[in-house]
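All of these numbers come straight from a predicted model, not from anything done at the bench. Start at 1 and go down the list; that is how both ligands and their atoms are numbered.
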Amino acid sequence: MIQINKIRENVYQIKVNDVNAKTFHGALYPVVEGVSYSCYLVLDEQVTLLDTVEEKYFVEAFRRIDELLQGRTIDNVIINHAEPDHSGAFDLVMAKYPHAKVYTSKMGHNNLKKMFFKEYSYQEVTYGDNLKTGKYEMLFMETPMVHWPDNMWVYLPAEKLLFSNDAFGQLISDDAVYDNEVGLEKLLKFSREYYANIVWPNNSSVPATLKKFVETNWQVDLICPSHGIIIKDGINEIIEQYQSFANNTIKDKKALVVYETIWGNTEKMASLLEQTLIEEGYEVKKYLLSQSRISEIIDELIDTKLLVLGTGNHNNTLMPPIADFLERIKACHFVGRDAIAFGAFGWAQIPFAELKDRLEKAKFNVLGEPITNNFTPSKEASEEIRNKFKEMLK
Ligand code: FEO
């Protein structure tokens with residue numbers, strides 16, 4: 001569904017609400033409320049389109065954009081980020097408006113050429129450059145690695161609008177336009193999950209962008225991201241949230257127990273460890289990986305101190321969901337966190353050394369040796385596991 005939202009007299013949001021989407025970023029990011037993507041149209045003496053939509057939404061989006069244009073042409077196309085959720089329809093837009101000038105970062109130019117193989121009228125822009133469209137002036141600021149090297153923001157001072165592309169995005173895809181329609185709690189919850197799954201792997205790059213943003217002294221009344229709702233009331237809170245992420249803020253007494261089990265013995269161990277953590281004063285969440293939404297677990301990990309990760313022995317290898325999970329967290333650079341490995345086995349303990357090794361490769365500080373148990377934990381074995389685990393927690 002395409003939603004047109006007039007956010008200023010001459011500024012429109014064109015939002016695609018794909019409420020049926022089950023995942024984002026291919027199959028990597030399972031979602032709960034669909035996916036939304038926005039581009040923006042600024043009408044002035046020159047008409048400017050900020051970003052595009054996915055290629056498959058071009059026809060529907062431009063049926064609505066044409067109504068706003070009333071026969072006018074698009075003079076400028078700004079591409080804040082070349083990822084296909086924002087640039088997918090770029091080539092089709094340029095076919096429709098071949099005389100449009102394209103403003104993008106140096107990396108954006110590089111990426112677009114390699115995606116579309118055409119040399120349009122590109123203008124590479126950097127911090128300090130501006131675009132005058134008549135009464136309006138737009139300012140550019142590169143925001144590398146939030147999410148790709150090419151990302152940038154555009155500021156429209158006359159209206160105090162910040163077009164932030166991926167930054168401050170969230171996968172809320174209902175009819176709400178502004179954050180006050182969904183409430184601060186939902187805004188920050190969805191913003192955090194988006195950040196964890198999309199931006200977090202490049203978290204170390206975010207402080208530089210936030211520092212530069214403060215230096216600009218840009219006064220912002222609306223943050224207009226390319227995913228989700230527009231932020232009006234929660235601007236300070238969402239910026240504080242990003243500062244907290246960028247500072248790698250961790251709750252010392254938060255733990256996640258994540259496991260995969262075949263016949264329930266690793267699950268029994270997971271419950272035992274969860275109970276022990278609760279007794280030791282931890283805030284704990286437990287996930288049977290194959291029955292959980294991995295994007296929620298990645299979200300929970302960003303302020304978690306201790307990951308307790310367990311696998312059964314599957315033909316002397318890690319259980320496939322655990323192997324996949326380890327690959328995911330390796331990309332996230334979760335520094336400053338501890339991990340404990342555990343699991344049940346039948347006649348061989350072969351995968352547990354690999355579990356420990358791969359946690360270390362994912363930059364976790366692994367405490368002790370894996371806690372293992374042969375088949376079902378007996379009463380005595382359970383006590384032994386609890387005691388060993390408590391020692392590790394010390
Ligand atoms: Fe929404 Fe990095 O693309």
Side-chain angles (χ1 to χ4, degrees), residues 2-3 13-19 21-40 49-58 61 77-91 93 102-112 114-116 140-154 162-173 187 190-206 208-210 213 223-231 238 242 245-246 295 298-299 302 328 331-333:
I2 304 278
Q3 197 186 353
Q13 179 192 43
I14 299 98
K15 183 158 77 163
V16 176
N17 281 326
D18 186 351
V19 294
K22 302 288 181 243
T23 62
F24 178 58
H25 258 205
L28 282 173
Y29 179 171
V31 295
V32 285
E33 286 197 8
V35 172
S36 71
Y37 319 90
S38 293
C39 58
Y40 294 87
L49 180 70
L50 291 101
D51 293 315
T52 74
V53 290
E54 265 200 83
E55 185 178 5
K56 63 185 175 185
Y57 298 115
F58 170 79
V77 176
I78 297 174
I79 298 292
N80 281 320
H81 178 24
E83 194 163 12
D85 44 345
H86 310 295
S87 75
F90 173 68
D91 216 25
V93 171
V102 183
Y103 296 82
T104 190
S105 65
K106 185 179 175 63
M107 280 299 295
H109 183 191
N110 192 50
N111 292 344
L112 290 168
K114 289 178 176 169
M115 289 172 164
F116 298 103
F140 302 98
M141 180 181 130
E142 296 126 302
T143 60
M145 301 317 293
V146 189
H147 156 228
W148 279 9
D150 63 359
N151 276 77
M152 64 177 200
W153 294 352
V154 171
L162 179 67
F163 300 98
S164 62
N165 196 266
D166 279 342
F168 311 115
Q170 354 78 36
L171 299 183
I172 296 173
S173 56
L187 168 73
F190 277 73
S191 155
R192 184 177 122 144
E193 184 175 298
Y194 181 86
Y195 189 100
N197 284 276
I198 301 298
V199 182
W200 185 274
N202 305 308
N203 192 42
S204 60
S205 302
V206 175
T209 285
L210 294 176
F213 177 53
I223 295 178
C224 306
S226 291
H227 297 288
I229 55 173
I230 294 172
I231 301 139
I238 204 166
Y242 265 54
F245 299 150
S295 38
I298 298 290
D299 174 11
I302 68 174
R328 290 283 293 259
C332 290
H333 313 293

### Query
Looking at His81, which of its N, O or S atoms is the nearest one to atom 2 (Fe) of ligand 1?
NE2
### Query
Between atom 1 (Fe) of ligand 1 and His147, is there an N, O or S atom separated by less than 2.8 Å?
no
### Query
N/O/S of Glu83 less than 2.8 Å from atom 2 (Fe) of ligand 1?
yes
### Message
Angle between ring planes, Phe213 versus Trp153, binned at 30° and 60°: parallel, tilted or perpendicular?
### Response
perpendicular
### Shortest-distance N, O or S atom of Asp166 relative to atom 2 (Fe) of ligand 1
OD2
### Message
Pairing donors with acceptors under 3.5 angstrom, does anything connect the side chains of His227 and Asp166?
### Response
yes
#### Entry: N, O or S from His86 under 2.8 Å to atom 1 (Fe) of ligand 1
yes
### Task
Would you please indicate yes or no on a ring centroid separation below 6.0 angstrom for His86 and Tyr37?
no
### Message
For atom 1 (Fe) of ligand 1, give me the closest N/O/S atom belonging to Asp85, just the atom name.
### Response
OD2
### Task
Take Tyr40 and Gln13 through the test side-chain hydrogen bond (donor to acceptor under 3.5 Å, both in side chains) and record every step on the way to the result.
CA-CA 5 Å; Tyr40 294 87; Gln13 179 192 43; 3.2 Å; yes
### Query
For the side-chain hydrogen bond (donor to acceptor under 3.5 Å, both in side chains) test, which of Asn165, Asp51, Asp150 pairs with His81?
Asp150
